[in-house]
Asks: 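Quick one: structure below, then a few questions.
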Amino acid sequence: MQLTVKEALQVYPLSEAKLVAGGEGTSRMMKSVNVMDAPDIADWIKSGELLFTTAFIMKDNETDALHLMRRLNDRGCAGLGIKLGRFWDCIPQGIIEEADRLRLPLLELPFQFTFSDQMNALFKVEHERTHRLLHDVVQKQKKLMHFALQQQQHRNVFAELATVLNYPIAVIGSRGHVLYGSDGIAGDAITQGWPWKSIMHRVKWNQGSCHRVPIKQSDEQYGFLLVFTDSALSLRAEEELFQQAADVLAFYMDMTYREHINPTVQDEMRTLLTQYLEHKLNVEELTKLSENKGIHLFQGTYQCVLITLEPSVFAEGKLLKQIHRELQYNPLMQFTASQHFQIEDAILSIYTCPTGRDYGEELSSFLLSRFADVLKAQDAKGESSPRFWISKMKHEPKSLREAYQECLDTRQLARRFGMKDRALQFEMLEFAYVFQYVPDNIMENYCNKVLEPLLAREGDPNQVLMNTLESFIENDGLINEAAKQLYVHRNTVTYRMEKVGSLLQMDFKKTNDLLKLKLVFTFRKFIRDKTTIRS
């Protein structure tokens, strides 16, 4: 039986009963009905039982009655129904008050109906409800079969599955990240206790249940399907339906993975891209051979992202493969139309720029957000974690080699400067790229010349000014961002910059002055880097 006390009170003839106390507990789940006719009933009661009594064992001693009610409540009793007229004409006020305190539903049963009348009615309703549920499960299984046989492209499979099951669902990826959540299903609560064992498990969720079903095929674990029902209990047939749904998801995810990452096609594309990057193929040949395999590399302006694991010497190939797979089939990873290929110990991604503008900032934020859990987990373990090197936007297919080189240069310069940023754009390091071969003495002389008024003054306050100026330049002249980095109020930064401007005889609103300072701090980083290497 799977009825709440509130639902049971709507079933005739129990609907003729009066709820005299414990109204806050009517959401208690009622699993069975029993008759209380023995003094030691509390030793035998099962959780979820609704008890009927004539009050025979309670009539003589109210103190014993109160003690019995507490024991029933501790054992998980769903409620207590008392039939008046034989031993009690009314329920004592102390009993009513105790039931309210315990939030234990206390019913005054109608005298004209026997216990069996009410019990049979409840069992009949439960039987009919179970029959309806089984019928619903069968209908859902038919819909699930139709759903599994569909071959449509660009489907929102997760949302469609939620419609088929007619329950809210969530899909959790193999790393414990949320791939999909129905409306109202979100937050850290749904992944509480991760990692989970690879078995079907039901846990309490609000007033109902959350069924965790592994999504797996052969030895491949894709994650978990979470189904949220409004009942604290479940039918075995319904649990089997959830398992079937997880099996369909596993098939879909495996098929999608294989379609996007066909090992043969991937190997061939890796070979073609390698030949192109080594100048053994031109871009026209690369494009034509790729299209013959059903892969369209270019759909207008584009940007490249190179994903590597750093430090690379400790990199784990399995993690790179997992990242590659998610970029392909995870709907939350679809920033724009894109292609992803493993090249040596990295992933080369080509993202379309649909509006014809540079998406470097958006790509950086997007990738850091989507892989935040990987970064956190790898850092916690002290192991290699992904970093993202982003090229400038390119207008023509022939610039692919240049975009790839920009990604490599960004990675190399980040290593040289010891930069810890998880995602870096080539545009941010362009100055460093252009001037990396300028002799050290020229760099140093230029820095001293520009900063001489600031360097000539001794004392700690001027070091504060220097730090403020460097933060100001690093944040592209944005006062608020510099203030955040320095943990001071924006007015403090404004005051300091006015003082610096006066000392250096510069106007920070002029592009030429900002350009000079950008060069100065780029050179200073080079000099510091070389000094660190020598020491």
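Treat the numbers as computed from the prediction; the structure is a model and nothing was measured. All values below were derived from every heavy atom in this structure, side-chain atoms included, with hydrogens, water molecules and symmetry-related copies excluded.
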Asks: Which heavy atom of Ala8 sits nearest a heavy atom of Leu14, and at what distance?
Replies: O-CD2, 3.5 Å

Asks: Between Phe113 and Tyr12, does the ring centre distance come in under 6.0 Å?
Replies: yes

Asks: Heavy-atom count around Lys204 NZ within 6.0 Å, excluding the residue itself: above 12?
Replies: yes

Asks: Using a 6.0 Å cut-off, check whether atom CD of Gln192 has over 12 heavy atoms from anything other than its own residue.
Replies: no

Asks: Just wondering, more than 12 heavy atoms not from Arg422 lying within 6.0 Å of its CZ?
Replies: yes

Asks: Would you say the side-chain atoms of His340 and Ser338 include a donor-acceptor pair closer than 3.5 Å?
Replies: yes

Asks: We want to know whether Gln112 and Glu16 form a side-chain donor-acceptor pair, criterion being a heavy-atom distance below 3.5 angstrom.
Replies: no

Asks: If I take atom CD1 from residue Ile82 and atom NZ from residue Lys59, how far apart are they, to the nearest 0.5 angstrom?
Replies: 14.0 Å

Asks: Can you name the nearest heavy-atom pair linking Gln217 to Phe251, along with the distance?
Replies: OE1-CA, 3.4 Å

Asks: Can you confirm whether the side chains of Glu362 and Tyr351 place a donor and an acceptor under 3.5 Å from each other?
Replies: no

Asks: Near Lys381 NZ, under 6.0 Å, is it more than 12 heavy atoms from other residues, nucleotides or ligands?
Replies: yes

Asks: Ion pair present between Arg101 and Glu97, side-chain N to carboxylate O less than 4.0 angstrom?
Replies: no

Asks: Do Glu310 and Arg415 sit within salt-bridge range, that is, some charged N less than 4.0 Å from a carboxylate O?
Replies: yes

Asks: Over 60° means perpendicular and under 30° means parallel, so tell me whether Phe335 and Tyr359 are parallel, tilted or perpendicular.
Replies: perpendicular

Asks: For the residue pair Arg28 and Ala78, what are the closest heavy atoms and their distance?
Replies: CD-O, 3.6 Å

Asks: At what distance, to the nearest 0.5 angstrom, does CG of Leu249 lie from CG of Leu161?
Replies: 5.0 Å

Asks: How far does CE of Met30 sit from CD of Glu49, to the nearest 0.5 angstrom?
Replies: 10.5 Å

Asks: Taking CG in Asn491 as the centre, count heavy atoms belonging to other residues, nucleotides or ligands within less than 6.0 Å. Is the count above 12?
Replies: yes

Asks: Going by the angle between their ring planes, with limits at 30° and 60°, are Tyr180 and Phe158 parallel, tilted or perpendicular?
Replies: tilted

Asks: Compare all side-chain heavy atoms of Ile172 with those of Trp196 and state whether any distance is below 4.5 angstrom.
Replies: yes

Asks: Over all heavy atoms of both residues, which pair between Ile185 and Phe228 is shortest? Give the atoms and the distance, please.
Replies: CG2-CE1, 3.5 Å

Asks: Of all heavy-atom pairs between Asp100 and Gly23, which one has the smallest distance, and what is that distance?
Replies: OD1-N, 4.3 Å

Asks: May I ask you to test the Lys31-Lys46 pair for a side-chain heavy-atom distance under 4.5 Å?
Replies: no

Asks: Taking 4.0 angstrom as the limit, do Arg71 and Asp74 come out as a salt bridge?
Replies: no

Asks: Counting only N and O atoms by type, is there a donor-acceptor contact under 3.5 Å from the side chain of Lys216 to the main-chain atoms of Ser198?
Replies: yes

Asks: Taking atom CH2 of Trp194 as the centre, report whether more than 12 heavy atoms of other residues, nucleotides or ligands fall under 6.0 Å from it.
Replies: yes

Asks: Please say whether more than 12 non-hydrogen atoms of neighbouring residues, nucleotides or ligands are located less than 6.0 Å from CG in Asp117.
Replies: yes

Asks: Any idea which heavy atoms bring Ile307 and Pro386 closest together, and the distance?
Replies: CG2-CB, 4.2 Å

Asks: Decide yes or no for Asn61 and His67: does some side-chain heavy atom of the first lie under 4.5 Å from some side-chain heavy atom of the second?
Replies: no

Asks: Would you confirm whether Arg75, through its side chain, and Ile45, through its main-chain N or O, come within 3.5 Å as a donor-acceptor pair?
Replies: yes

Asks: Any donor and acceptor pair, going by atom type alone, linking the side chain of Thr352 with main-chain N or O of Pro354 inside 3.5 Å?
Replies: no

